[in-house]
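Working notes, structure below.
Proteins come first, then strands; the chains are lettered A, B, ... in the order of their sequence lines, and each starts at number 1.
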2 protein chains.
Amino acid sequence: MSSDRSSAGDPDRTLALLWRVSGESRRGPRPGLSLDRVVDTAIELADADGLSALTMRRLAQTIGVAPMTLYTYVPGKAELLDLMLDAVYARMPRTDTAGRHWRERVTTVVEENRALLAAHPWVASVSTGRPPLGPGQMAKYDHELRALDGLGLSDVELDAALAHLLAFVRTHARDAADAMAAERESRMNDEQWWERNAPLLARVLDETAFPTAVRVGTAAGQAHGSAWNADHAWQFGLQVLLDGLAALMGRHER
Amino acid sequence: MSSDRSSAGDPDRTLALLWRVSGESRRGPRPGLSLDRVVDTAIELADADGLSALTMRRLAQTIGVAPMTLYTYVPGKAELLDLMLDAVYARMPRTDTAGRHWRERVTTVVEENRALLAAHPWVASVSTGRPPLGPGQMAKYDHELRALDGLGLSDVELDAALAHLLAFVRTHARDAADAMAAERESRMNDEQWWERNAPLLARVLDETAFPTAVRVGTAAGQAHGSAWNADHAWQFGLQVLLDGLAALMGRHER
DNA sequence: TCCTTTCTACGTACACCGTACACAGTACGC
DNA sequence: GCGTACTGTGTACGGTGTACGTAGAAAGGA
């Protein structure tokens with residue numbers, strides 16, 4: 001399950017909300033809510049029960065207000081997602097790694113993002129076709145670029161390297177979330193699910209037709225208890241990623 | 001936008017459908033449709049207008065049947081997605097790269113998957129928490145493992161390497177699809193979108209606060225016409241991926 | 001031949017979703 | 001005190017997947 005963002009809709013309004021610049025008119029009834037209240041509650045809801053549990057009705061009910069009231073504070077759900085994203089970005093810790101070895105710098109950026117996605121798994125499944133142009137996104141982008149700056153990469157490479165690295169973290173988090181969702185919905189863990197499918201699969205699948213698949217599949221399945229193991233995939237992927245970047249930087253030294 | 005798969009539901013039934021083993025009872029009225037007809041039409045629809053355009057009602061209408069009729073052939077939409085996935089997997093070309101250099105073998109696997117995702121962009125956004133245990137998936141997995149087999153990797157590494165590599169292709173395809181969706185929905189390309197946001201952003205953003213972001217962002221934006229360029233990201237990512245795998249294999253030689 | 005059984009097709013209905021729109025009521029500026 | 005701008009909300013619309021019940025068709029058995 002994934003969700004769209006503010007692509008449509010008025011960019012000016014979205015930008016104004018992201019940067020909290022209000023028209024500051026002191027007319028009319030005092031607002032009973034605030035933008036932050038709406039956004040923060042939405043984040044809590046998504047953290048607790050996933051993006052699919054974040055509906056306007058449920059959010060309104062949690063806050064204690066009628067569904068349509070939310071639209072006084074937020075143009076629509078797409079913009080709400082933009083605001084949620086920028087809010088969690090803004091709150092990320094940003095450790096200073098100036099002067100450290102590049103591998104440690106990269107690892108830090110990657111780990112910061114892994115922590116973000118561990119705390120807010122829904123972030124991995126909201127579209128990032130265009131980033132929310134808010135203060136959180138800006139601070140995050142700037143900080144992460146600084147961490148990778150001065151390593152001999154060109155600006156264009158810097159941008160590409162960061163994007164590639166963030167994509168890795170996002171994808172891993174998405175896969176982990178998918179695996180957990182599958183486990184929850186089927187009420188079976190990977191092992192049980194396999195045992196459930198094995199007998200019928202054996203009757204229908206000619207094992208000799210796919211020898212490599214059978215060999216490697218069982219080897220991987222036995223190594224970690226399931227077909228896909230989040231920690232192992234992380235270690236492996238990070239290793240490949242770092243080695244790949246090392247090659248890129250080595251090429252620059254010459 | 002992404003969609004769930006058959007996690008819930010009866011595994012036996014799903015497996016039977018995937019392998020096309022029917023109870024073959026010759027009673028009752030002749031079926032007016034076939035499973036293949038339903039699945040193929042669904043694929044065509046998703047190819048043409050995206051996953052979000054694939055609704056049971058629209059699919060039924062396209063076939064020329066009442067919505068509920070589909071449920072005679074398929075337990076639900078989740079299982080339909082399983083069947084669609086396995087079908088496009090089954091039809092992938094599988095070029096034999098035995099004896100070639102490993103870089104060419106890996107590149108071939110990667111390109112085959114890129115072609116799949118180019119023809120069927122929706123594939124990138126259906127969950128793959130648990131793969132559909134059908135003939136297509138089996139053949140694909142076996143073929144791709146064989147392409148990477150015999151390069152000195154252990155079976156567990158082989159599985160991890162393949163997963164990592166497929167994740168890269170999927171992620172790239174997803175990002176590309178997101179970018180296109182953003183362009184379509186906002187009716188602005190990246191450049192127009194930036195120009196639209198720039199004036200207001202300039203008023204609210206202290207450029208001196210994020211010097212690195214501004215510097216690198218503009219450099220990247222000028223290099224390729226937009227914030228994110230699909231081809232450039234592909235080239236860069238593939239390079240890093242191959243170099244990373246090279247390091248892994250080099251480590252094995254010693 | 002006719003009846004029973006089994007299967008296909010599908011109309012209706014339900015519980016959701018995001019949100020457009022109209023309207024009631026409140027509090028400030030003049 | 002009045003106009004005006006604003007908040008809060010009830011109702012309703014068009015969309016989603018699909019549970020349930022039923023009508024009717026075809027085949028097997030009597």
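With the nearest nucleotide of DNA chain D identified for both B:R27 and B:E79, B:E79 has the one nearer the 5' end.
A salt bridge links A:D10 to B:R196: at least one charged side-chain nitrogen sits closer than 4.0 Å to a carboxylate oxygen.
Within residues 64-78 of chain A, the residues having any heavy atom closer than 4.0 Å to DNA chain D are, in order of number, A:V65, A:A66, A:M68, A:T69, A:T72, A:Y73.
The interatomic distance linking B:L54 (CG) with D:dT18 (P) rounds to 11 Å, in whole Å. Between A:L35 atom CG and D:dT7 atom P the separation is 12 Å, expressed in whole Å. The interatomic distance linking B:L59 (CG) with D:dG17 (C1') rounds to 13 Å, in whole Å. In this structure, the CZ atom of B:R30 is 14 Å from the C1' atom of C:dT6, given to the nearest Å. Atom CD in B:Q61 sits about 17 Å away from atom C1' in C:dA9, given to the nearest Å. One interatomic measurement links the two molecules: CD1 of A:I63 to P of D:dT9, which rounds to 11 Å at whole-angstrom precision. Atoms CZ (B:R5) and P (D:dG17) sit 17 Å apart, rounded to a whole Å.
No option in B:L17, B:L81, B:L85, B:T14 other than B:L85 meets the side chain to side chain contact (heavy atoms under 4.5 Å, CB included) test with B:P132.
Between B:Y73 and B:V65, every side-chain heavy-atom pair lies at or beyond the 4.5 Å cut-off. Between A:V21 and A:L15, the closest side-chain pair of non-hydrogen atoms is not below 4.5 Å.
Side-chain to base pairing of B:R57 with D:dG15: no donor and acceptor N or O lie closer than 3.5 Å to each other.
Counting only residues at least two apart or in different chains, side chain to side chain donor-acceptor pair (under 3.5 Å) contacts with residues 32-49 of chain B comprise B:R20-B:D36, B:D40-B:R91, B:D47-B:H120, B:D47-B:W122, B:D49-B:R58.
Side-chain N/O atoms of B:R130 and A:S186 include a donor and acceptor closer than 3.5 Å.
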